[in-house]
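Worksheet for the structure shown next.
Start at 1 with the first residue, then count along the sequence.
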Amino acid sequence: MLQYSFRRLLVGVGMLLALSMLIFILLRLTPGDPIDAYIDPNIPMSPEQLAQLRSQLGLDKPLPAQYLAWLQQAISGNLGYSIKRQDQPVLDLVLSRIGPTVLLMGSALLIAIVTGIVTGVVSAVRRNTSVDLAFSVFALVGISSPAFLSALIGLYIFAVRLKLAPSGGMLTPGAEFSIGDLLHHLILPAALLSIAQAALIMRYMRSSLLEVLNQDYVRTARAKGVKEFWVIAKHALRNALLPVVTVIGSTIGLAIGGAIFIESVFNWPGMGLLLVNAVETRDYPVIMGATLIIGACVIIVNLLTDITYAVIDPRIKVG
């Protein structure tokens, strides 16, 4: 198990390095000069001053040297300073936004897991019925709907028209903090974020359970007179959940992509909104830092998913 975990960790570190290199290169290839983000257009600067500023920022060095210098600082915990936020440390800025994002994504993941597994089991048990058809249509629509479209439609219907939920923010401005107020703001964006994940989990759960229900040991349990509920709950469900565990881990990346749109639409003060604002203002250090942290979170979740799958399925060789 230790060797398996170590190998997966090495793969994760390599992926993180490749991601940081790719983002660094793409940012440098964007139109315009990176030095423009550091200049106040209302304050004219001479060519000598521009050259001095470029030298201070290390932008006069070759691209590989710039990346290695940034990587060295990032490994030591220094992700630089925000250009547009009064030179705030990027690490502090990103860490202050992790909590709201984790709350939103965690709530969405919980809703998706419960909804996806329950609907998948019911759909498999009631195969080829109207219930199965309805859940299958839900899964197809959920997977096909982009996050920004679901966010805008949900905002219009539930917040604007029906007024069942706030239209944005994490808390009511000027009001005292309360769990009820937080949940009131959380439920709609979390539910909308969970749609694609729930649909994907439901389809895999249904397919996996149908395959398991045709196995010999399930037929044997039925032949012995075991009630159908216990046949599914005790014999079939555990084995059917094995591939679903991997799917749940893979949906974390899907949730992060969706969270960027959800946080932007609902003005949720998380990392997604921070990243969007940084892109709009060309705040390169924040873009790099936020992308690195998000990538690290995805890789860690995938690593934990692989280890969990290896633990619950003894057929996998982890030596």
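Rounding to the nearest 0.5 Å gives a distance of 11.0 Å between CG of L182 and CD1 of I187. Atom CG of L133 sits about 12.5 Å away from atom CZ of R126, to the nearest 0.5 Å. Expressed to the nearest 0.5 Å, how far CG of L91 lies from CG of L79 amounts to 5.0 Å. Rounding to the nearest 0.5 Å gives a distance of 10.0 Å between CE of M170 and CD of E263. Rounded to the nearest 0.5 angstrom, S20 OG and M288 CE are separated by 6.0 Å. Between the CG atom of L104 and the CG atom of L192 there is a distance of 10.0 Å, given to the nearest 0.5 Å.
Panel note: side chain T119, backbone G116; a donor-acceptor pair is recorded below 3.5 Å. With hydrogens and angles disregarded, no donor-acceptor distance shorter than 3.5 Å links the side chain of S207 to the backbone of R203. Put simply, the side chain of S145 never gets that close to the backbone of G142: no donor and acceptor are under 3.5 Å apart. Side chain of S194 to backbone of A191: a donor-acceptor contact under 3.5 angstrom is found. Side-chain N or O atoms of N277 include one that pairs as donor or acceptor with a backbone N or O of L273 at under 3.5 Å. One N or O on the side chain of S208 and one on the backbone of A240 form a donor-acceptor pair closer than 3.5 Å. The backbone N or O of P100 sits less than 3.5 Å from a side-chain atom of W268, completing a donor-acceptor pair. Judged by distance alone, the side chain of Q88 and the main-chain N or O of L93 form no donor-acceptor pair under 3.5 Å. Looking at T101, its side chain does come within 3.5 Å of a backbone N or O of M271 through a donor-acceptor pair. Using modelled atom types, one side-chain atom of R97 and one backbone atom of G270 make a donor-acceptor pair closer than 3.5 Å.
Remark: the R282 side chain and the Y284 side chain contain an N/O donor-acceptor pair separated by less than 3.5 Å. Using modelled atom types, one finds no donor on one side chain facing an acceptor on the other under 3.5 Å when comparing Y81 with D283.
The environment of Q56 atom CD is dense: over 12 non-hydrogen atoms of other residues, nucleotides or ligands sit within 6.0 angstrom. Within 6.0 Å of the CZ atom in R127, the count of heavy atoms belonging to other residues, nucleotides or ligands does not exceed 12. Heavy-atom contacts from other residues, nucleotides or ligands closer than 6.0 Å to CZ of F138 number more than 12. Taking a 6.0 Å sphere around CD of E211, one finds it holds 12 or fewer heavy atoms contributed by other residues, nucleotides or ligands. Atom OH of Y217 has more than 12 heavy atoms from other residues, nucleotides or ligands within 6.0 Å.
Closest of all the heavy-atom pairs between G169 and H185 is O-CD2, 3.5 Å. Listed here is the closest heavy atom pair of L213 and A236: CD2-CB, 3.9 Å. The minimum heavy-atom distance between S107 and L186, with the atom names listed, is OG-CD2, 3.3 Å. Taking both residues in full, the closest heavy atoms of I262 and A147 are given as CD1-O, 4.2 Å, listed atom of the first, atom of the second, then distance. In terms of heavy atoms, V94 sits closest to I293 at CG1-CG1, 3.8 Å. Taking every heavy atom of both residues into account, A151 and V265 meet most closely at CB-CG2, 3.9 Å.
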- [ ] Check the pair V286, I83 against side chain to side chain contact (heavy atoms under 4.5 Å, CB included), reporting the backbone distance first and the verdict last.
- [x] CA-CA 8 Å; V286 175; I83 302 173; over 6 Å; no
- [ ] Could you walk me through whether D216 and R219 pass side chain to side chain contact (heavy atoms under 4.5 Å, CB included), step by step?
- [x] CA-CA 5 Å; D216 292 337; R219 297 194 186 98; 2.9 Å; yes
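When side chains are defined from C-beta on, K61 counts as touching Q66, because their heavy atoms get closer than 4.5 Å. Put simply, the side chain of Q52 does not reach to within 4.5 Å of the side chain of E48, judged on heavy atoms.
The side-chain contact (heavy atoms from CB on, under 4.5 Å) with L16 is formed by just one residue from the set V298, I299, V11; it is I299. None of I113, V121, L200, V247 except one satisfies the side-chain contact (heavy atoms from CB on, under 4.5 Å) rule with M205; the exception is V121.
Cluster membership check: L193 shares its hydrophobic cluster with I195, using side-chain heavy-atom separations under 4.5 Å among Ile, Leu, Val, Met, Phe, Trp and Tyr. Taking hydrophobic clusters as Ile, Leu, Val, Met, Phe, Trp and Tyr residues chained together by side-chain heavy-atom distances below 4.5 Å, V137 does not share a cluster with L210. Following chains of ILVMFWY side-chain contacts shorter than 4.5 Å, one cannot reach L110 starting from L241, and the two form parts of different hydrophobic clusters. Y156 is not connected to V141 by any chain of hydrophobic side-chain contacts under 4.5 Å among Ile, Leu, Val, Met, Phe, Trp and Tyr, and they are in different clusters. Placement of I287 and L292 within a single hydrophobic cluster is found when ILVMFWY residues are connected by side-chain heavy-atom separations under 4.5 Å, directly or transitively.
Using bins of under 30°, 30° to 60° and over 60° for the plane-to-plane angle, the ring pair Y67/F24 lands in the perpendicular bin.
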